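Computed over heavy atoms, backbone and side chain alike; hydrogens, waters and symmetry mates excluded. Remember, predicted model here, so these are calculated numbers, not experimental data. Counting starts at 1 for both ligands and their atoms, in listed order.
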Amino acid sequence: MKEQLEQIKSRAFAALEAAKAVPELEELRVRLLGKKGELTAVLKMMGKLSSEERPVMGQLANSVRAAIEARLDARRTELEAAALDARLAAEALDVTVPGTKPELGHRHPMYIALDEAKEIFIGMGFQILEGPEVELADYNFTKLNTEEGHPARDWSDTFYLKEDSSVLLRTQTSPMQIRAMEAIKQPPIRILAPGRVYRKDEVDATHSPMFHQIEGLVIDKGITMADLKGTLETLVKSLYGEDSVVRFRPHHFPFTEPSCEVDVQCFKCRGAGCPTCKGEGWIELLGAGMVHPRVLEGCGIDPSVYSGFAFGIGLERMAMRRFQISDLRLIFENDIRFLRQF
Ligand code: DAH
């Protein structure tokens with residue numbers, strides 16, 4: 001019986017040692033010490049022993065039981081500690097690891113320039129309008145005093161969308177003048193209409209078949225060329241600095257009379273002539289003029305009561321000048337290494 005008890009003890013210890021998790025220990029307790037366990041079975045046989053042997057074996061059995069219980073408790077503490085260690089290791093957070101930086105986008109330099117221009121005109125009471133890029137030839141040309149057969153209808157190398165030339169991709173934002181007058185009807189009208197325009201041009205450092213313009217239109221009683229000059233000088237000085245010098249040069253556009261082109265004195269050479277201004281001393285900025293009476297009439301506005309001015313700015317050019325970008329293609333390629341610089 002003594003050997004039996006020793007064996008029970010060593011088997012129990014081995015089983016406890018092999019246990020890998022706390023729940024297993026509960027099963028072991030039942031198996032080793034429970035009513036149907038081996039130790040209980042041995043104890044039940046105590047009655048058959050002689051009266052000398054019984055206390056000795058009784059003591060041994062109790063000490064085996066106590067030893068198993070003690071080992072069981074110790075093992076529980078060990079396994080609980082190990083489980084906690086494993087959990088802490090698994091959940092460990094290394095606060096010294098650098099975070100993952102979210103890749104933020106970047107405002108395009110052309111839109112930075114556009115927003116600056118919008119800001120300036122909103123400050124002067126202009127309303128921002130947007131209109132269709134697929135336009136009626138009527139709005140793009142006819143209502144802008146550019147009749148059928150007028151050379152402008154092909155010099156602009158138009159993308160026509162219908163064989164009868166009635167629908168096209170707008171070649172300029174000027175049709176927004178017509179749309180604004182038809183929509184608002186009653187002057188005063190003060191609008192700014194930025195957007196895309198299309199012409200059949202080959203891509204190079206200064207041309208693209210798609211580019212952007214900003215159209216402006218002001219109609220009210222008593223508007224004169226002086227208002228046009230003041231407005232455009234305000235724009236140029238806000239964009240390029242108070243000391244910029246602006247020049248108004250006579251020109252021709254079918255929908256304005258008189259018409260002009262506006263140049264700014266080269267900010268690099270101050271008029272002396274350099275590569276930036278191609279030796280001219282001046283950089284062309286925009287086209288403008290007093291709205292032609294026929295255009296006003298066509299939109300139901302009486303030219304004997306109202307007058308107005310209009311202008312059209314090339315947005316890419318404006319941004320290129322603003323940020324000293326030398327090649328138009330950089331504007332459209334969207335290389336992040338380029339965009340990040342602004
Ligand atoms: N639409 C003209 C162009 O694309 C630019 C322009 C000139 C717009 C005179 C105007 C203007 O509003 O009055 O070349």
Side-chain angles (χ1 to χ4, degrees), residues 117 121 124 126-133 135-146 150-159 168-182 189-201 206-220 223-233 235-236 246-264 283-296 298-299 301 303 306-318 328:
F121 281 104
M124 292 192 277
F126 282 61
Q127 181 189 344
I128 311 292
L129 276 193
E130 274 184 38
E133 290 166 29
E135 185 56 283
L136 299 170
D138 224 22
Y139 283 76
N140 194 84
F141 293 127
T142 317
K143 285 171 185 273
L144 286 166
N145 197 30
T146 314
H150 190 287
R153 289 193 174 217
D154 36 72
W155 66 241
S156 49
D157 270 3
T158 310
F159 288 105
L168 44 75
L169 293 180
R170 66 181 178 191
T171 62
Q172 50 186 359
T173 44
S174 301
M176 287 307 293
Q177 293 182 31
I178 309 299
R179 290 188 175 274
M181 286 188 268
E182 287 186 354
I189 294 170
R190 239 180 269 130
I191 62 107
L192 193 74
R196 292 194 181 98
V197 301
Y198 301 84
R199 291 180 197 177
K200 282 186 187 163
D201 280 326
T206 52
H207 293 87
S208 159
M210 186 280 295
F211 58 101
H212 297 72
Q213 288 187 336
I214 308 176
E215 195 76 17
L217 175 71
V218 172
I219 312 274
D220 204 350
I223 297 290
T224 70
M225 198 87 185
D227 299 297
L228 166 64
K229 286 189 79 173
T231 305
L232 294 178
E233 269 186 24
L235 169 73
V236 173
V246 185
R247 173 173 85 172
F248 291 74
R249 187 163 38 77
H251 201 77
H252 171 77
F253 295 103
F255 39 88
T256 42
E257 183 56 38
S259 305
C260 61
E261 279 194 328
V262 178
D263 305 329
V264 61
I283 297 171
E284 184 195 318
L285 266 192
L286 54 91
M290 299 305 292
V291 180
H292 199 293
R294 233 177 272 158
V295 174
L296 292 176
C299 295
I301 292 173
Y306 294 105
S307 57
F309 66 81
F311 58 89
I313 311 171
L315 178 53
E316 283 83 358
R317 277 202 201 166
M318 197 179 94
L328 176 65

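- Proximity of H251 to ligand 1 is not established, as no heavy-atom distance is less than 4.0 Å.
- The backbone and the side chain of A310 each have at least one atom closer than 4.0 Å to an atom of ligand 1 (non-hydrogen atoms only).
- Annotation for ligand 1: atoms under 4.0 Å from non-hydrogen atoms of Q177 are 10 (C), 12 (O).
- Listed by atom number, the atoms of ligand 1 under 4.0 Å from G289 heavy atoms are 13 (O).
- With sequence neighbours left out, the side-chain hydrogen bond (donor to acceptor under 3.5 Å, both in side chains) criterion links E284 to R317.
- Annotation for ligand 1: atoms under 4.0 Å from non-hydrogen atoms of T256 are 13 (O).
- R179 forms a cation-pi arrangement with Y139, by the criterion of a distance under 6.0 Å to the ring centre and an angle within 45° of the ring axis.
- Contact annotation for R199 and ligand 1: only side-chain heavy atoms (C-beta onward) come within less than 4.0 Å of the ligand.
- Between D157 and R199, no side-chain nitrogen of the basic residue sits less than 4.0 Å from a carboxylate oxygen of the acidic one, so the salt-bridge criterion is not met.
- Using a 4.0 Å cut-off to heavy atoms of F311, the atoms of ligand 1 that qualify are 8 (C), 10 (C), 11 (C), 12 (O), 13 (O).
- With G216, G287, A193 as candidates, the residue nearest to atom 7 (C) of ligand 1 on a non-hydrogen basis is G287.
- Looking at R153 and T171, their side chains never bring a donor and an acceptor atom within 3.5 Å of each other.
- Only the side chain of F253 comes within 4.0 Å of ligand 1, counting heavy atoms alone; its backbone N, CA, C and O stay farther away.
- At a cut-off of 3.5 Å, with distance as the only test, no side-chain donor of Q213 or Q172 sits close to an acceptor on the other residue.
- Residue contact annotation: S259 has no non-hydrogen atom under 4.0 Å from ligand 1.
- Residues meeting the side chain to side chain contact (heavy atoms under 4.5 Å, CB included) test with T231, sequence neighbours left out: F121, M124, F126, F309.
- Under a 4.0 Å criterion applied to the non-hydrogen atoms of E215, ligand 1 contributes the atoms 8 (C), 10 (C), 12 (O).
- Checked against a 3.5 angstrom limit, the closest N/O atoms of T171 and ligand 1 fall outside it.
- For ligand 1 and Q213, the ligand atoms under 4.0 Å from any heavy atom of the residue are 3 (C), 4 (O).
- Under 4.0 angstrom from ligand 1, there are no non-hydrogen atoms of F309.
- Proximity of P209 to F159: side-chain heavy atoms (C-beta onward) are separated by under 4.5 Å at one or more points.
- Within a 6.0 Å sphere centred on CD of E130, heavy atoms belonging to other residues, nucleotides or ligands number 12 at most.
- Note that OH of Y306 is 7.0 Å distant from CG of D220, once rounded to the nearest 0.5 Å.
- A heavy-atom distance below 4.5 Å is not found between the side chains of N145 and E257.
- When each atom of ligand 1 is checked for a heavy atom of S174 under 4.0 Å away, the hits are 1 (N), 8 (C).
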